[in-house]
Amino acid sequence: LHEPRERRADSDARRLDVPSERGSYPVVIGHGAVEALPARLAERGLTGAVVAVSCPPVWRLHGARLRGVLKRAPPILIPDGERAKALGTIARIYDALTARRLDRSAVVVALGGGVVGDVAGFAAATYLRGLRLVQVPTSLVAQIDSAIGGKVGVNLPTGKNLVGAFHAPALVVCDPALMRSLPRREFRAGLYEAIKYGVIASRPLFDRLHDEHAAILRQQPETVLAIVTECCEIKAAIVGRDEREAGPRRALNFGHTIGHALEAATGYRRLRHGEAVAYGMIAAARLSAARGLLTAEDEQRIRAVVRHLGPLPAIGDLQIGTLLDAVSRDKKTIAGRLHFVLAAGIGKTTEATDVSRSELRQALRAIGVVRA
Ligand SMILES: NC(=O)c1ccc[n+]([C@@H]2O[C@H](COP(=O)([O-])OP(=O)(O)OC[C@H]3O[C@@H](n4cnc5c(N)ncnc54)[C@H](O)[C@@H]3O)[C@@H](O)[C@H]2O)c1
Ligand SMILES: [Zn+2]
């Protein structure tokens with residue numbers, strides 16, 4: 001997966017190659033990596049007209065960094081936030097693309113968080129049956145998760161991510177320097193996903209998040225770069241083995257079954273996705289420990305690493321029944337059976353299809369949901 005370091009504008013950048021159905025694609029990670037975007041596009045043969053898709057706050061802060069590839073072409077800006085992840089936004093992007101008379105050699109560059117990446121990616125996957133896509137993620141969630149792996153899509157009023165496609169990017173450029181402007185809460189929300197990678201795949205990463213939480217919360221550049229790199233390596237390795245989520249990729253759903261239920265039960269307003277996953281991981285750790293898969297000590301360590309990052313929004317008012325209903329509607333149900341990802345120690349997972357309502361109830365109590 002790893003290649004030697006290269007000498008160029010992003011000379012210290014790390015490059016991962018992610019295998020994909022239509023050839024592998026590079027993920028370039030480094031402070032300042034976005035400055036070398038023109039050279040990276042050329043190297044990938046991405047020579048068509050470049051169209052940037054972004055949202056106003058990110059564009060204001062970082063749009064100028066794309067000047068080298070955009071020349072003077074204005075960006076397509078979509079509204080900020082999860083509500084923009086909808087079919088109406090896709091229709092507006094199609095209109096803007098049509099107005100520019102683009103052909104299939106055009107390249108869509110998504111500059112923003114996961115919302116921009118998923119929306120721009122879905123428009124790119126479908127316009128003219130597919131334009132090439134470059135992801136320049138600017139949030140921690142996007143850098144370590146959504147920009148890699150090719151899943152793109154939008155929400156329907158009835159549920160999250162219900163419409164989408166697999167559309168692998170042609171290039172991903174992760175520049176942690178872009179995150180200096182990221183609101184603190186967004187950064188923390190991303191850190192919970194980093195913890196997830198530690199729990200599912202890497203004890204050393206987990207221990208680092210546990211031991212170095214102070215430097216991480218200060219966004220010490222070297223520490224942040226190391227964590228982004230390790231997380232990208234894990235995600236790249238998993239999706240490289242299982243692009244369409246037939247098996248190993250499902251481990252990435254650790255903490256997400258209960259996490260999604262919490263997001264749905266709170267109307268997607270109270271909790272950032274990562275915060276919901278933080279609760280979901282604590283609940284999943286309880287379930288794993290109750291089944292003897294995780295030691296009491298490691299369960300405590302998972303609770304501790306989450307707690308170190310600061311308080312989570314309260315969920316004590318939610319009802320067990322509402323959450324159990326939401327869990328049973330989970331999209332990850334396969335042939336009517338809930339697939340629940342459990343921690344088998346720290347750094348490894350296993351799946352269970354026989355998790356009972358009483359086990360779920362116990363797990364919910366562990367995160368303070370006690371109302372019947
Ligand atoms: N496709 C996938 O595989 C995948 C994986 C994980 C998450 N997602 C999706 O990603 C979305 C969540 O992504 P997110 O957490 O990045 O949310 P987001 O895109 O809404 O970004 C969060 C906020 O941070 C702001 N922001 C982003 N980068 C910034 C920067 N550098 N400086 C200042 N502000 C910045 C955004 O404008 C926004 O207000 C969800 O819709 C989720 O479903 C997709
Ligand atoms: Zn997630």
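Because the structure is a prediction, the values reported are computed rather than measured. Every number for a ligand or one of its atoms is a count from 1 in the order of the listing.
Judged by distance alone, the side chain of Glu275 and the main-chain N or O of Leu312 form no donor-acceptor pair under 3.5 Å. Looking at Ser24, its side chain never comes within 3.5 Å of a backbone N or O of Pro19 through a donor-acceptor pair. Using modelled atom types, one side-chain atom of Arg104 and one backbone atom of Leu128 make a donor-acceptor pair closer than 3.5 Å. Judged purely by atom type and a 3.5 angstrom limit, Asp298 has no side-chain atom pairing as donor or acceptor with the backbone of Gly345. Judged by distance alone, with hydrogens and angles left aside, the side-chain atoms of Gln319 form no donor-acceptor pair with the main-chain N or O of Thr322 at under 3.5 Å. His31 contributes a side-chain N or O that, together with a main-chain N or O of Pro221, makes up a donor-acceptor pair within less than 3.5 Å. Between the side chain of Arg132 and the backbone N or O of Val107 there is no donor-acceptor pair closer than 3.5 Å. With His256 contributing its side chain and Gly280 its backbone, the two residues share no donor-acceptor pair below 3.5 Å. For Asn155 (side chain) and Ala86 (main-chain N/O), no donor-acceptor pair under 3.5 Å exists by modelled atom type. Judged by distance alone, with hydrogens and angles left aside, the side-chain atoms of Glu212 form no donor-acceptor pair with the main-chain N or O of Leu209 at under 3.5 Å.
Residue contact annotation: Asp145 places no N/O/S atom under 2.8 Å from the Zn ion (ligand 2).
Of the listed residues (Gly274, Ser146, Gly153, Ala147), the one carrying the non-hydrogen atom nearest atom 8 (N) of ligand 1 is Ser146. Of the options Asp175, Thr138, Ile144, Val119, the smallest heavy-atom separation from atom 28 (N) of ligand 1 is shown by Thr138. By heavy-atom distance, the residue among Lys151, Met179, Arg60 lying nearest atom 1 (N) of ligand 1 is Lys151. The nearest non-hydrogen atom to atom 9 (C) of ligand 1, considering only Asp118, Val154, Leu61, comes from Asp118.
For the pair Lys160 and ligand 1, a heavy-atom separation below 4.0 Å is found. Ligand 1 has at least one atom lying under 4.0 Å from a heavy atom of Pro57. Within the 4.0 Å heavy-atom shell around ligand 1 one finds Pro183. Arg180 does not count as a contact of ligand 1, since none of its heavy atoms falls under 4.0 Å from the ligand. Ligand 1 lies less than 4.0 angstrom from a heavy atom belonging to Cys55. Not a single heavy atom of His273 lies less than 4.0 angstrom from ligand 1.
The shortest contact between atom 36 (C) of ligand 1 and any protein heavy atom is with Asp80 OD1, 3.4 Å. What sits closest to atom 18 (P) of ligand 1 on the protein, heavy atoms only, is Val115 CG2, 3.9 Å. Scanning the protein for heavy atoms near atom 31 (N) of ligand 1, the closest one is Leu178 O, 2.9 Å. Among all protein heavy atoms, the one lying closest to atom 17 (O) of ligand 1 is Arg272 NH2, 3.2 Å. In terms of protein heavy-atom proximity, atom 40 (C) of ligand 1 is closest to Glu82 OE1, 3.3 Å.
Taking distance alone, with nitrogen or oxygen atoms compared against 3.5 Å, Ser181 approaches ligand 1 more closely than that limit. Taking only nitrogen or oxygen atoms, main chain and side chain alike, Ala142 does not reach within less than 3.5 Å of ligand 1. Every N/O-N/O distance between Arg249 and ligand 1 stays at or above 3.5 Å. At least one N/O-N/O distance between Gly114 and ligand 1 falls below 3.5 Å. Checked against a 3.5 angstrom limit, the closest N/O atoms of Ser139 and ligand 1 fall inside it.
Checked by atom type, the side-chain pair Glu193/His273 shows a donor-acceptor distance below 3.5 Å. With hydrogens and angles left out, the side-chain atoms of His339 and Thr257 include no donor and acceptor closer than 3.5 Å. Under the 3.5 Å distance criterion, with hydrogens and angles disregarded, a donor-acceptor pair is assigned to the side chains of Ser20 and Glu243. In this model, no donor atom of one side chain and acceptor atom of the other lie less than 3.5 Å apart for Asn161 and Lys151.
For ligand 1, the atoms closer than 4.0 angstrom to any heavy atom of His62 are 31 (N). Close contacts between ligand 1 and Asp145 involve ligand atoms 5 (C), 6 (C) [criterion: under 4.0 Å to a heavy atom]. Contact atoms of ligand 1 toward Val58: 26 (N), 27 (C), 28 (N), 29 (C), 35 (C), 37 (O) (distance under 4.0 Å to a heavy atom of the residue).
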Note to self: His62 vs Ser181, test: side-chain hydrogen bond (donor to acceptor under 3.5 Å, both in side chains). Steps then yes/no.
What the structure shows: CA-CA 9 Å; His62 301 295; Ser181 57; 2.8 Å; yes
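Between Ile144 and Tyr197, the closest heavy-atom pair is O-OH, 2.6 Å.
Of the heavy atoms in Lys85, only side-chain atoms (C-beta onward) come closer than 4.0 Å to ligand 1. The side chain of Asn161, and not its backbone, has at least one atom closer than 4.0 Å to an atom of ligand 1 (non-hydrogen atoms only; side chain from C-beta on). Within the 4.0 Å heavy-atom criterion, both parts of Leu182, backbone and side chain, lie near ligand 1.
Taking the Zn ion (ligand 2) as reference, Glu193 places its N/O/S atom OE2 nearest.
For Arg83, the CZ atom counts as loosely surrounded, since its 6.0 Å shell holds 12 or fewer non-hydrogen atoms of other residues, nucleotides or ligands.
For the pair NE2 of His256 and NE2 of His273, the angle at the Zn ion (ligand 2) is about 100°; rounding is to 10 degrees.
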